[in-house]
Amino acid sequence: MFSDVMVNSTPSDIAVDIRSVTKKFGERTIFGDVSLQVRQGEVVALIGPSGAGKSTLIRCVNCLTPFESGSIMVLGHELHGTNEAKRGPSREMLKSIRTETGMVFQSFNLFPHMSVVDNVALAPVLVLGTSREEAREQARELLCSIGLSHRVDAYPRHLSGGEQQRVAICRALAMKPSLMLFDEPTSALDPELVGEVLGAIRALVDRGMTMMLVTHEMMFARDVADTVAVMADGALVEIGPARQVLDDPQTDRCKSFLSRVLQQKAPSANTSAPSMGAQIAADAPTQEHEQARDTDRKRKHAEEVER
Amino acid sequence: MNIGFDTSQMLHGAVLTVELAAGGVGVSLVLGALGGLARSRGPRWLRWLIVGYVELVRGLPQILQLFILYFGLTQFGINLSPFTAGFIWMCFYGTGYAIEIFRAGISGVHPGQLEASTALGLSRFQSFRRVVLPQAVARMVPPLTTFVILELKNTTLLYIIGVPEIMYHANLLASNSQPLNIYLIAVGFYLVMNMTLGRLGAYVEHKMSWAKS
């Protein structure tokens with residue numbers, strides 16, 4: 001998959017450098033004083049409860065949202081908080097940042113009035129000046145590499161959620177970005193469709209793509225991310241190597257978040273040790289679990305019907 | 001066909017009705033598109049100006065608007081012919097409604113669409129032209145069909161100030177003949193015109209069927 005995705009590299013080793021950034025909506029602080037570095041080729045997963053500011057943080061990186069104070073260096077471009085800079089970033093800089101940064105949204109946001117291939121080919125034509133023919137050819141190749149060759153001429157509304165999200169990934173990759181931002185890419189999907197999208201992301205990780213990934217898929221984060229950053233209550237509460245943070249969280253806030261998330265996944269077992277390692281151990285006899293839960297559900301359903 | 005009177009007059013009236021409606025709709029759509037765009041994207045003072053204009057159009061009875069234009073302005077020495085006053089009113093009134101249709105169409109496009117195109121590096125103009133506008137127009141087709149039909153029917157009001165459109169001739173003829181027969185002929189004219197417009201709108205809507213999600 002993605003055999004022809006080229007991962008560009010900029011001179012500096014640091015792809016994204018977020019320095020004490022504060023973001024407010026009106027009076028309300030979304031997050032304050034967050035600092036985070038992403039190296040070239042690094043995959044950073046952002047996890048944490050809803051409303052912690054994870055999505056807003058990656059939106060600040062490609063300037064979809066301005067921030068109040070602090071600064072962000074993205075692929076060599078400097079962004080400053082609105083409180084500190086006299087004027088916002090220039091159009092040219094915004095264009096470079098967004099061209100070199102791909103973004104995938106929770107709700108796909110494909111363009112419904114265009115066929116799949118035109119969704120992917122639009123930006124290369126308009127922004128990079130690629131010829132229409134060439135852009136469509138490249139789009140076809142990308143779509144083929146992700147297993148959507150049969151969907152090239154379909155319209156987005158004819159696609160499943162998983163297919164739509166994979167097209168959205170192709171659309172971002174068509175700009176040959178050196179950084180990918182994923183904003184909860186699987187949260188809007190039916191459980192059975194999550195795998196195909198995670199598979200596409202994993203293929204990109206294997207190609208060495210630099211990534212910031214907001215996700216609720218803890219197992220996936222543990223698997224593919226180099227670094228996990230946990231955000232809660234408007235702050236970065238813990239950051240470190242993925243397995244270390246997920247298996248052996250240090251801060252109380254992070255522990256309580258992980259225990260809640262993991263308990264949801266396995267309601268019956270494993271109440272005392274909420275870490276990821278224990279979770280995996282507990283998950284080993286998965287089929288038994290599933291069956292037990294299934295019969296449980298059927299029994300409850302039968303009772304309801306009787307009533 | 002001899003039914004006791006000359007229907008050719010009504011045919012002339014129908015031609016005038018279509019001319020007035022087509023002209024009024026044309027001007028209204030152009031001004032409405034600009035106004036709707038300014039209403040959703042323009043500077044604050046311009047937005048308020050447009051809001052005021054729409055309130056004026058929407059809040060006043062049509063006859064009052066028309067009479068102010070035709071009779072009221074004579075006080076300032078502005079004597080408009082019935083046709084001119086009528087046409088200006090059609091544009092004045094139509095623009096107000098068209099602005100609202102365009103504004104609703106633009107604001108109905110999911111904000112994620114603009115985000116996605118912005119994140120891809122498209123300029124504001126490119127995003128609007130290639131992503132937002134096509135979707136807005138598709139959403140506007142049904143209300144625009146209704147709007148065009150409304151404009152066409154509104155031409156009947158102009159008979160009051162003496163514009164010789166269909167109703168004007170129908171009333172003339174009705175006063176010295178059987179009124180119901182005359183009015184039924186007018187019914188025929190309007191139904192043919194408006195059902196044609198309705199079918200046209202449905203056809204365009206069908207052509208943009210990707211918009212149904």
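Note that the structure is predicted; figures quoted are calculated from it, not measured.
- Take Arg103(B) and apply the salt bridge (charged side-chain N to carboxylate O under 4.0 Å, His left out) test, not counting sequence neighbours, and it matches Glu100(B).
- Contacts of Arg59(A) with chain B are made by side-chain atoms alone, with heavy-atom separations under 4.5 Å and no backbone atom involved.
- Nearest heavy-atom pair, Leu197(B) versus Thr145(B), reported as atom, atom and distance to 0.1 Å: O-CG2, 3.8 Å.
- Of all the heavy atoms in Gly24(B) and Ser28(B), the pair that sits closest is O-OG, 2.6 Å.
- Interface remark: Thr101(A) contributes backbone atoms only to the contact with chain B (heavy atom separation under 4.5 Å).
- In terms of heavy-atom pairs under 4.5 Å with chain B, the best-connected choice from Thr99(A), Leu110(A), Leu181(A) is Leu110(A).
- Both the backbone and the side chain of Phe111(A) have a heavy atom closer than 4.5 Å to some heavy atom of chain B.
- Between Ile169(A) and Ala200(A) the shortest heavy-atom distance is CD1-CB, 4.1 Å.
- A pairwise comparison of heavy atoms in Leu64(A) and Met103(A) identifies CD1-SD, 3.8 Å as the closest pair.
- Both the backbone and the side chain of Leu126(A) have a heavy atom closer than 4.5 Å to some heavy atom of chain B.
- Residues of residues 113-130 of chain B that come within less than 4.5 angstrom of chain A, heavy atom to heavy atom, are Gln113(B), Glu115(B), Ala116(B), Ser117(B), Thr118(B), Ala119(B), Leu120(B), Gly121(B), Leu122(B), Gln126(B), Arg130(B) in numerical order.
- If you look at Tyr183(B) and Tyr190(B), their ring centroids are not closer than 6.0 Å.
- Taking both residues in full, the closest heavy atoms of Pro143(B) and Ile101(B) are given as O-CD1, 3.7 Å, listed atom of the first, atom of the second, then distance.
- The CD atom of Gln65(B) sits 7.5 Å away from atom OH of Tyr93(B), with the distance rounded to the nearest 0.5 Å.
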